[in-house]
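To start, the structure under review is shown below, and the notes come after it.
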Amino acid sequence: MRFSALLDDNDTGSSPHPASAANAAAVVARRESAKNFVAAVKLTLPSAGRPSLPPVILSPIPAVPRPPQSRAAPIVASAPPRRLDPAADAARREKTAKRVSELLDAKLSDLQLHADAGKKQREAIEEAKRRAIETKQAAAAAAAAQKQREDEIIKKQAEEQQRHRSELEKAEKKRVEAAAELQRQGNRQLTLQLQERTQNAPQHDSNGTHQQTNESHVPKSVVCAEAAWKSMSEYLKLVANIKKEIKPSIMSNPAYSGMKARGARMKINQAVGQVTQSRAKMREIALTIDNVLSSAQADSKFYTYLLDVTAKSLCMQADTEVSVHPVKGPALGQVAVMLFDKHPPLLAILLGRLMKRCPYIVPMYCRRTEGETENEFLKRQRYKQSDGEWETEERYCERMCGMIRFYAAIVQTNSKSHAQEIDFGWQWLARILNMNPRKITPQLIWSFLQPAARPVVSIYADNQVVATAPLPAIFTAPVRSDIINAVHTNMRKNARQPYAVNVEAGHQTSAVSWGTGRAVARIPRVSGTGTHRAGQGAFGNMCRGGRMFAPTKTWRKWHVKTNQNEKRYATASAVAATAIPSLVLARGHRVEKVNEIPLVLDNVEGLVKVKDAVALLKSVNAYADVEKVQASKSLRAGKGKYRNRRHRQRRGPLVIYNEDQGLVKAFRNIPGVELARVSALNLLQLAPGGHVGRFVIWTRAAFERLDSIWGTTTTVAEAKRGYKLPQPILSNADLPRLINSEEVQAVVRPAGDKNMKRPYTQRKNPLKNVGVMVRLNPYAQTLRRAEILGRNIHGKVQKKHVKNKKYIKALLSEDTA
């Protein structure tokens, strides 16, 4: 409430008249008394006991305008001023002071209540904060205790697993040593038997002739080395013993003749039938068969029977599948070697089964004897007969070469037990070369050397070769630069941002066509007169200040779809190009001192520090490519330097990994180095700018996963449903070598003389040249004669005006050619 209102309410007198000077003086006196009273009230208030109150606002008293008066008008005297009663004035002042004091007390009490409420609220807030902090500290302590308990549990589990793993490793080591000891004992016994039979070998008599015993004599029906025949006889005796004694006893025993033997046999056959080139799949199949065989080791007969089933299944797979798909030979051989390491007796049974199905494993040739029929000879060579007809020679060669390829894969695969090493391969090769060749000999040697000499890639660690890995099939894909460029162009379009000119650009002027009849073009023209701009053409793309032709729009089709198979083809081609050193060098990468391309490194995915990554690149001589990138950094030409791409530089190595265990953080800040996951290869990184030959550094895990991700030309990829790698149209793209080969040159025609006469002369018009017309149409001469003589072949006279007498004479002559 305003203080001036209190004064007005207590004023019992009448309001002054605007024209009264006495009333004006009363108003001034009242205002002065009010000011003095307010000052007195302020002095009576204590300075520290009460809170300060807001100042009392006095409403200003407006000045009373004096009405205009005429100079000539006389001044009329007003009524005399009213006298103020001092007692009434003192009572009024006391009443006003009392009311002001009441208002002040009410205001102070309200302020005290608010202050108490605020203090309680602050105390409640502080209490809540304190409780929240205590709760948070208690939760953190509980979490720390829980984490400590979990860490202790994990540590105990890790220790238990480590202990269990060490026990398993010790048990496995003992079992391998026991198996190796058994193998050595078996080899020692076999060696003693061979020595005993060697002592009974043929010995020369005094006349120079030699005599042979029945055991060491090689039959005349076969051609092979003496030692090879002996070893084959031992293996075949082992297989015959299993078939004659062990198998009947198992089949006749009710404990095995039921589901036990049948289930084990089905598991082994199914596992062998699922062999692929995936290393993980090989281990899975070997583990499945190992579990079946290990469960039967307590019973020696049943164990030997299952070994024979496994050997027979492997041989059948080599006979049927490897002969059709040669790439399955190495995979099947690796599975067999994994089983040899766990079950050494399997090797002898498998070799016996192979020699029984394919005599060239010995190696041995069959020779036809007197009185032997054609069917008996074919059967002895292991030809197959179906529906009374023998298989073709071509199919027979495929089967034999398939089993030779399987044996070569076993020989060239490293094993822990060293059961069948590469020495046996050299022995087989020497034996078959020492015998007179047959028609099938070249195919057998090629089938043996092909898997044994397949390309492998060295794996480096600290610039030392620590292992080798077979070259994945994707590196044999055809390099199609045309497909790579087309796909790269489409993929680059998908990164564009929409742009367009202003929709009103070129139309921000008033222009209208002048129409026809003024001998000027009908283009719209700027309106107005008296300026250069007036009358000029507007709007058109040919006009100054006009719009562009076909103004760009933001709804243009910016992105382009590419066929999935085409993108996969381009990516496979780009990966294959990274393994060709000439293309990598042609692209500008500094790989002159790199040991091998493709470069595969081990123990890389666990790197975390940049200095470790730089040291690794320097150790394999790949840091020169990074230095090239650092030296190539330059300022971009054009407006791009203002658009957040100020500098440009060359591309460096591309590191392809399987799992990020800190590798990305270690390599991402090295200039020019890029990273990619092997399961998500990008063509824009493999072939920047559409140019093939990027320098790629593979981690070992990523390199070994390529076959499972991309598959081969014959097997379907595991990660891409129904996809196989593209096959090259030409297996040998060296055209000069093909043309100059003896096979092609033997059937082509010899080259002719360089100065041969042209087979044709200048073309002449038969309508103007009589000789040419007659050669083309001999009857034309008769027709022309009849026409000239005035009659045709039907005897009707035709009148025709003839002008050229020489032409007529030439036609009538008998010697016209």
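- For CZ of Arg721, the number of neighbouring non-hydrogen atoms (other residues, nucleotides, ligands) closer than 6.0 Å is 12 at most.
- Judged purely by atom type and a 3.5 angstrom limit, Lys641 uses its side chain to pair as donor or acceptor with the backbone of Arg636.
- Remark: the backbone N or O of Pro472 is not paired with any side-chain donor or acceptor of Asp707 at under 3.5 angstrom.
- With a 6.0 Å radius and a threshold of 12 heavy atoms from other residues, nucleotides or ligands, Asp462 has its CG atom at or below the threshold.
- For the pair Arg431 and Trp428, the NZ or CZ position fails the cation-pi test of under 6.0 Å to the six-membered ring centre and within 45 degrees of the ring normal.
- The heavy-atom pair separating Ala574 from Leu683 by the smallest distance is CB-CD1, 3.7 Å.
- Taking both residues in full, the closest heavy atoms of Pro726 and Thr713 are given as O-CG2, 4.0 Å, listed atom of the first, atom of the second, then distance.
- Judged by distance alone, with hydrogens and angles left aside, the side-chain atoms of Asp290 form no donor-acceptor pair with the main-chain N or O of Ala286 at under 3.5 Å.
- Nearest approach of Lys720 to Val716, heavy atoms of both residues: O-CG1, 4.1 Å.
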Please test Ile656 against Phe703 for side chain to side chain contact (heavy atoms under 4.5 Å, CB included), starting from the C-alpha separation and ending with a verdict. CA-CA 9 Å; Ile656 298 180; Phe703 194 75; over 6 Å; no
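- Listed for the Thr552 side chain is a donor-acceptor partner under 3.5 Å among the backbone atoms of Val501.
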Give the intermediate values and the outcome of side chain to side chain contact (heavy atoms under 4.5 Å, CB included) for residues Tyr569 and Val487. CA-CA 9 Å; Tyr569 200 126; Val487 175; over 6 Å; no
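- Taking all atoms of both residues into account, the shortest heavy-atom contact from Tyr360 to Ile404 is O-CD1, 3.8 Å.
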Under the salt bridge (Lys or Arg N to Asp or Glu O under 4.0 Å) rule, what do Asp319 and Arg399 come out as? Steps first, then yes or no, please. CA-CA 5 Å; Asp319 191 352; Arg399 289 196 306 106; 3.2 Å; yes
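- When atom types are taken as modelled, the side chain of Gln745 and the backbone of Ile739 share a donor-acceptor pair closer than 3.5 angstrom.
- A donor-acceptor contact shorter than 3.5 Å is absent between the side chain of Arg668 and the backbone of Ala666.
- Atoms CG and NZ, from Asn494 and Lys561 in turn, are 10.5 Å apart once rounded to the nearest 0.5 Å.
- Lys493 forms no cation-pi arrangement with Trp558, by the criterion of a distance under 6.0 Å to the ring centre and an angle within 45° of the ring axis.
- From Cys401, atom SG reaches atom CD of Gln443 across 5.0 Å, with rounding to the nearest 0.5 Å.
- To the nearest 0.5 Å, atoms CZ (Arg694) and CZ (Arg651) are separated by 5.5 Å.
- The closest donor-acceptor contact from the side chain of Ser313 to the backbone of Val272 lies at 3.5 Å or more, if one exists at all.
- Counted within 6.0 Å of CZ on Arg496, heavy atoms from surrounding residues, nucleotides or ligands total more than 12; the atom is thus considered enclosed.
- In terms of heavy-atom proximity, Ser458 sits nearest to Val465 at CB-CG1, 4.0 Å.
- No more than 12 heavy atoms of other residues, nucleotides or ligands lie within 6.0 Å of CZ in Arg648, so this atom counts as exposed by the packing criterion.
- Residue Pro598 comes nearest to Val457 through the heavy atom pair O-CG1, 3.7 Å, listed as atom of the first residue, atom of the second, then distance.
- Residue Leu635 places its CG atom among more than 12 non-hydrogen atoms of other residues, nucleotides or ligands, all under 6.0 Å distant.
- One distance of note links OG1 of Thr715 with NZ of Lys281; it measures 13.0 Å at 0.5 Å rounding.
- Counting non-hydrogen atoms of other residues, nucleotides and ligands closer than 6.0 Å to CD of Glu394 gives a total of 12 or fewer.
- Listed for the Ser573 side chain is a donor-acceptor partner under 3.5 Å among the backbone atoms of Pro478.
- We find the OG1-CD1 distance between Thr468 and Ile459 to be 7.0 Å, quoted to the nearest 0.5 Å.
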Applying side chain to side chain contact (heavy atoms under 4.5 Å, CB included) to Ile697 and Leu654, what does each step give before you reach the verdict? CA-CA 6 Å; Ile697 299 175; Leu654 174 63; over 6 Å; no
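- The CD1 atom of Ile709 sits 7.0 Å away from atom CG of Asn658, with the distance rounded to the nearest 0.5 Å.
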